[in-house]
Amino acid sequence: MQQKIPATVITGFLGAGKTTMIRNLLTNAGGKKIALIINEFGDLGVDGDVLKGCGAENCTEDDIIELTNGCICCTVADDFIPTMTKLLERDQRPDHIVIETSGLALPQPLVAAFNWPDIRSEVTVDGVITVVDSAAVAAGRFADDHHAVDARRVEDEALDHESPIEELFEDQLTCADLIVLNKTDLIDADGLGRVKSEVASRIARKPVMIEAKNGEVPASVLLGLGVGTEGDVANRKSHHELEHEDGEPHDHDEFDSFVVELGAIPDTAGFVEKLKGIIAEHDVLRLKGFIDVSDKPMRLQLQAVGARIDQYFDRAWAAGEARSTRLVVIGLHEMDQKAVRKAIEALV
Ligand SMILES: Nc1nc2c(ncn2[C@@H]2O[C@H](COP(=O)(O)OP(=O)(O)OP(=O)(O)O)[C@@H](O)[C@H]2O)c(=O)[nH]1
């Protein structure tokens, strides 16, 4: 009988650094042939583009599969299982499978899917790795805003949980076999100490925690945990599973995303500065995409996590490719989408 293929699940909140860590992993995984399944919230496929662009020989474009029909935890039966089945039918089976969940996904339903008979006999979960944005934790992003939650609870008596961001953060930690405290370059030693205590206080189990900058963790640390996490899902239930033992399906109604499409941007410095203001004013959680900079042959990639914005030219526009500026905006459901769209469109 063939050995089961190990699959590593990489989860973590929006912008924590999952794609950055995987990109780094692909460059130092040695000869290991890796198949990558990636899932993203929002209709733009930025992560796929970033990972396909890294040109790793052990993980070619054919080995990168994008699941685009919603969060992976909601599409297990319709999308994830058929994708895995097809992957396992390939002549050249991968040595390792890496799955990047969307930043809003609950890892539990995905891990549970590895107990489905067709999958269980061939693949095992090597481990769940949860990437944490240490700077965001230090800034209180995941701390419960009691005031806001109490106000919402008055309006909506059915509200049965804390802030959706906090709850999701805890669910992703609860499922972890390894926690990567990323972005340590953005905080000092005291801050890091507080982040460690806060993360530890959120979970009953005590998975190993490591620190990282720019997702730089050796492949030998990330791959080969050998946990078989699918056998332990009962000990890692999400808030939703604990609250709805009847099996009622979960959803992501608390979050929304939309795409803004613009023409060429002549002054990117000014554009980015004003974008920061819009993000802060409307509490946009994540914004990313590509900018067509007037008169430049290269495409500018823009990555905003909260009001922190990174930008770099990632590749030349291809001959015949329609140039445009496309940005995906992700926020809580109550974010005023119309106002955000209008404000961004007014920047050009
Ligand atoms: N300063 C700093 N920036 C980082 C670090 N790791 C990642 N980033 C930046 O954070 C932004 C988001 O990183 P991604 O790797 O795309 O995050 P992600 O978790 O894949 O994001 P989603 O898939 O949208 O949830 C990018 O601009 C990265 O360059 C880090 O350790 N330090």
Side-chain angles (χ1 to χ4, degrees), residues 8-27 36-54 64 66-68 70-73 98-107 128-139 141-142 165 168-169 171-173 176 179-188 191-192 195 209-217 222 252 255-259 272 275-276 279 284-291 300-314 326-331:
T8 296
V9 174
I10 299 188
T11 187
F13 193 66
L14 295 167
K18 299 174 292 293
T19 309
T20 307
M21 190 174 83
I22 293 171
R23 198 179 166 156
N24 181 66
L25 167 71
L26 296 183
T27 61
L36 202 53
I37 297 178
I38 50 183
N39 173 237
E40 197 169 355
F41 193 79
D43 303 324
L44 211 51
V46 179
D47 296 0
D49 232 79
V50 170
L51 292 164
K52 284 177 183 163
C54 68
I64 301 179
E66 290 174 84
L67 299 187
T68 53
C71 261
I72 198 165
C73 50
V98 172
I99 303 164
E100 178 184 356
T101 75
S102 88
L104 298 180
L106 297 178
V128 175
I129 301 177
T130 303
V131 185
V132 170
D133 180 339
S134 305
V137 175
R141 172 89 273 184
F142 306 102
I165 296 178
L168 186 59
F169 179 61
D171 288 341
Q172 293 175 337
L173 291 174
I179 295 175
V180 177
L181 300 176
N182 192 37
K183 304 199 187 179
T184 54
D185 56 308
L186 299 178
I187 51 170
D188 60 16
L192 182 59
V195 169
M209 277 191 229
I210 57 170
E211 298 156 27
K213 291 177 191 148
N214 291 314
E216 285 165 10
V217 184
L222 298 178
H252 302 274
F255 299 92
D256 258 328
S257 79
F258 62 97
V259 173
V272 166
L275 202 54
K276 273 187 194 165
I279 289 172
V284 171
L285 295 172
R286 184 85 167 98
L287 187 153
K288 57 184 171 177
F290 307 104
I291 294 188
L300 187 73
Q301 188 177 134
L302 189 109
Q303 292 273 356
V305 182
R308 171 173 294 281
I309 300 188
D310 289 335
Q311 50 187 307
Y312 63 97
F313 287 102
D314 66 345
R326 301 188 79 208
L327 300 168
V328 62
V329 183
I330 306 175

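Read the numbers this way: they start at 1 and go in the same order the structure lists the ligands and their atoms. Because the structure is predicted, anything quoted here is derived from the model rather than measured.
Nearest to atom 16 (O) of ligand 1 by heavy atom, out of R23, R308, R286, K18, is R286. In this comparison of L285, D47, I10, the heavy atom closest to atom 23 (O) of ligand 1 sits on D47.
Side-chain atoms of E100 never come within 3.5 Å of backbone atoms of I37 as a donor-acceptor pair (strictly under, hydrogens ignored). Looking only at distances, a side-chain donor or acceptor of N182 sits under 3.5 Å from a matching main-chain atom of G215. Panel note: side chain R23, backbone C54; no donor-acceptor pair is recorded below 3.5 Å. Looking only at distances, no side-chain donor or acceptor of E211 sits under 3.5 Å from a matching main-chain atom of V180. Not one N or O on the side chain of T130 forms a donor-acceptor pair closer than 3.5 Å with the backbone of G12.
Ring pair F169/F142 is parallel by interplanar angle, where below 30° counts as parallel and above 60° as perpendicular.
In summary, the atoms of ligand 1 found under 4.0 Å from a heavy atom of V305, numbered by their order in the structure, are 11 (C), 12 (C). Proximity to K213 (heavy-atom distance under 4.0 Å) selects the following atoms of ligand 1: 31 (O). Listed by number with element, the atoms of ligand 1 under 4.0 angstrom from any heavy atom of D310 are 9 (C), 26 (C), 27 (O), 28 (C), 29 (O). Near G103, meaning under 4.0 Å from any of its heavy atoms, are these atoms of ligand 1: 25 (O). Here is the list of ligand 1 atoms found below 4.0 Å of a heavy atom in D185: 1 (N), 2 (C), 30 (C), 31 (O), 32 (N). Within the listing of ligand 1, atoms 2 (C), 3 (N), 4 (C), 5 (C), 6 (N), 30 (C), 31 (O), 32 (N) sit less than 4.0 angstrom from a heavy atom of N214. For ligand 1, the atoms closer than 4.0 angstrom to any heavy atom of A16 are 17 (O), 19 (O). Of all the atoms in ligand 1, the ones that sit under 4.0 Å from a non-hydrogen atom of Q303 are 16 (O), 26 (C), 27 (O).
Between K183 and D133 a salt bridge is recorded (basic side-chain N to carboxylate O distance below 4.0 Å).
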- Task: In sequence, state the C-alpha distance, the side-chain angles, and the governing distance for D47 and K288, and then conclude on salt bridge (charged side-chain N to carboxylate O under 4.0 Å, His left out).
- Result: CA-CA 10 Å; D47 296 0; K288 57 184 171 177; 3.0 Å; yes
**Item:** Evaluation steps, salt bridge (charged side-chain N to carboxylate O under 4.0 Å, His left out), between K52 and E66
**Value:** CA-CA 11 Å; K52 284 177 183 163; E66 290 174 84; 2.8 Å; yes
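A heavy-atom separation below 4.0 Å is not found between G12 and ligand 1. At least one heavy atom of E100 sits closer than 4.0 Å to an atom of ligand 1. Using a 4.0 Å cutoff on heavy atoms, E216 does not count as a contact of ligand 1. Contact between E40 and ligand 1 is absent, with no heavy atom of the residue lying under 4.0 Å from the ligand.
Of all protein heavy atoms, the one lying nearest to atom 7 (C) of ligand 1 is T20 OG1, 3.5 Å. Among all protein heavy atoms, the one lying closest to atom 20 (O) of ligand 1 is T19 OG1, 2.7 Å. Annotation: atom 24 (O) of ligand 1 to nearest protein heavy atom, K288 NZ, 2.7 Å. Nearest non-hydrogen protein atom to atom 10 (O) of ligand 1 is K183 NZ, 3.3 Å. Looking only at protein heavy atoms, the nearest one to atom 17 (O) of ligand 1 is G17 N, 3.1 Å. At the shortest separation from atom 6 (N) of ligand 1 among protein heavy atoms lies N182 ND2, 3.0 Å.
Between I279 and A304, the shortest heavy-atom distance links the atoms CD1-CB, 3.8 Å. Across all non-hydrogen atoms, the minimal contact from R326 to V259 is NH2-CG1, 4.1 Å.
Where the criterion is an N or O separation shorter than 3.5 Å, residue side chain and backbone included, G15 meets it with respect to ligand 1.
Taking the side chain as every heavy atom from C-beta outward, M21 and I129 approach each other to under 4.5 Å.
Residues that satisfy the salt bridge (charged side-chain N to carboxylate O under 4.0 Å, His left out) test with D314, not counting sequence neighbours, are R299.
Contacts between L186 and ligand 1, counted as non-hydrogen atom pairs separated by less than 4.0 Å, involve the side chain only.
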